[in-house]
Every structure is written in C-alpha cells, then in structure tokens.
Amino acid sequence: MLLAPSILGADLGALRAHAREAIEAGCEWLHVDVMDGHFVPNISFGVPVMQSLRALAEETETLLDVHLMIEEPDRYLRDFADAGAGLLTVHAEACPHLHRTVQHIKELGCQAGVALNPATPLTALDHILPDLDLVLVMSVNPGFAGQAYIPATKAKIGHVARRAAQAKPDLLIQVDGGVTPENAAQNVQAGANVLVAASAIFKGNGTIAENVRAFRDAVSS
Ligand code: DX5
Ligand code: ZN
C-alpha cells in the first residue's frame, strides 16, 4: 500500500517542511491537487507550487502525483511534466478525447492516470484500461479536502480491481477523499493500493509522523 499525502491539507506557509515530514515518516508519493474553479468549484494551486516541491521530491526520490481537477487539461500537461510530475491524472469527465490525452501524458514521459467522479461509471474506461498506469476512484465529489467518504466507493474499487485483474494486472488503484485510518483497511481489502489523504495526515490528531503511522498500523493489523 502506497501513501500519497495531499498537500492540499498542509499549511502552505510551511509546505516544504510538512511535505518532508510526511516523506520521512514513510510516504512514498506527494499528491498535488490542482483545481481551476471551473471543473470544480474551488481554486487551489498550480505549476509554481510544483516547482517549489521539485527539489525535495528529487532529493528523496518521491513521486509527484498530480491530480488535475481542471477543464482542458491538455493545455497544461507539458507545464506540469516540465515541473517534475511523475504521474499525471486527468478526469474522464473533463476529457472528450481521453485516449489522445492519455497518449499525450505518456509522450511527455509521465505515468498516466484517469480519475472518475463518484457518479461516473467504470464503463468510461472500458476501452482504455490497458493503456493506464492508474485509476483514481474519487470517494468524494472533488473540490475540497475534509469531506466525508462516500460508502459506495468500496464496491466501485472492487469493480475496478476485478476489471484490472483481467485487463491490466499491474494497475495502480488509488482512492481519494475522506480516507482515514478508520476506513483505510476496507479500501485496501477492496483493491486500492494507493491511498490519498489530506486532512487525516496533515490535520489529524497527532503529528504528521503519528498520523502516517496510524495508516500503516490500520492496514497491517
Ligand atoms: C478532493 C481532492 C483530495 C483531497 C482529499 O477534491 O482531490 O485529494 O485533498 O482531502 P481529504 O483527505 O481531506 O478528504
Ligand atoms: Zn486529489
């Protein structure tokens, strides 16, 4: 199980220090939530914030996992790739030519992910699953940290895992939104192998390191 703390939950004034703390506590990836105020109702941050994390990511060999909650993501893929993204995830709902977008991501040398909103059926990926490195199953409606996990997500992750077993056995299955130590194990049992968490890691009860440990303990017990 890989942990991808979302920097959306971090104190941006201390972003590098907090990101380093999460990495030193054992998180493999950093999840960068990019929001444009159109595809989702909120605006977060973009390429400059990526650039400020790049040296840390390179020094610690941490993958920058960029979740693009934006319209017309093709316009910005190169900028994010140039800023150090290792994985670029676009939303199926924002990409009328999803196959082209996925090929574009790969041409830029990044791993390619596609995210599905809670109401988007998995059939949207029927003909493209073997081309993907990652499917991101949204467990909240994207736009904000701190929302409650939608329970139907667990079954959806199971569907993705069963499809992947036939079409793409090494697919990464990521779950994002309302993920906590309390529901971590059920997501992993359903088939998720990458957990994203903003609030539960950066705003949880303990220190960042303690919060990361709570996820590991929950999944290993
Ligand atoms: C939601 C973002 C998530 C968010 C998760 O729109 O894609 O990555 O930061 O936040 P929590 O873990 O607080 O639900
Ligand atoms: Zn996200």
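Numbering of residues begins at 1 and proceeds along the displayed sequence. The figures that follow rest on heavy atoms only: side chains count, while hydrogens, waters and symmetry mates do not.
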TODO: Check V34, D65, L77 against L88 for a side chain to side chain contact (heavy atoms under 4.5 Å, CB included) and give me the one that passes.
DONE: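 Of the listed options, the one satisfying the test is L77.
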
TODO: Return yes if some donor-acceptor pair links the side-chain N/O of S6 with the main-chain N/O of A197 below 3.5 Å, else return no.
DONE: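 It does not hold such a pair.
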
Open item on the list: Starting from M1, can I reach I157 by hopping between I/L/V/M/F/W/Y residues whose side chains sit under 4.5 Å apart?
Closed with: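 Same cluster.
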
- [ ] Would you kindly confirm whether L12 and I23 end up in one hydrophobic cluster when ILVMFWY residues are joined by side chain heavy atoms under 4.5 Å apart?
- [x]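 Yes, L12 connects to I23 through the hydrophobic network.
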
Task: H67 ring center within less than 6.0 Å of H91 ring center - done: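 Yes; H67 has its ring centre under 6.0 Å from that of H91.
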
Report yes if some heavy atom in the side chain of [X] is under 4.5 Å from a heavy atom in the side chain of [Y]; otherwise report no.
X: I173; Y: V194; result: no
X: L136; Y: M138; result: yes
X: L116; Y: L125; result: yes

How far does [atom1] of [X] sit from [atom2] of [Y], to the nearest 0.5 angstrom?
X: H159; Y: R162; atom1: NE2; atom2: CZ; answer: 5.5 Å
X: L3; Y: C27; atom1: CG; atom2: SG; answer: 5.0 Å
X: E28; Y: L195; atom1: CD; atom2: CG; answer: 10.0 Å

Task: Check against side-chain contact (heavy atoms from CB on, under 4.5 Å), L87 and V66 - done: CA-CA 6 Å; L87 168 75; V66 180; over 6 Å; no

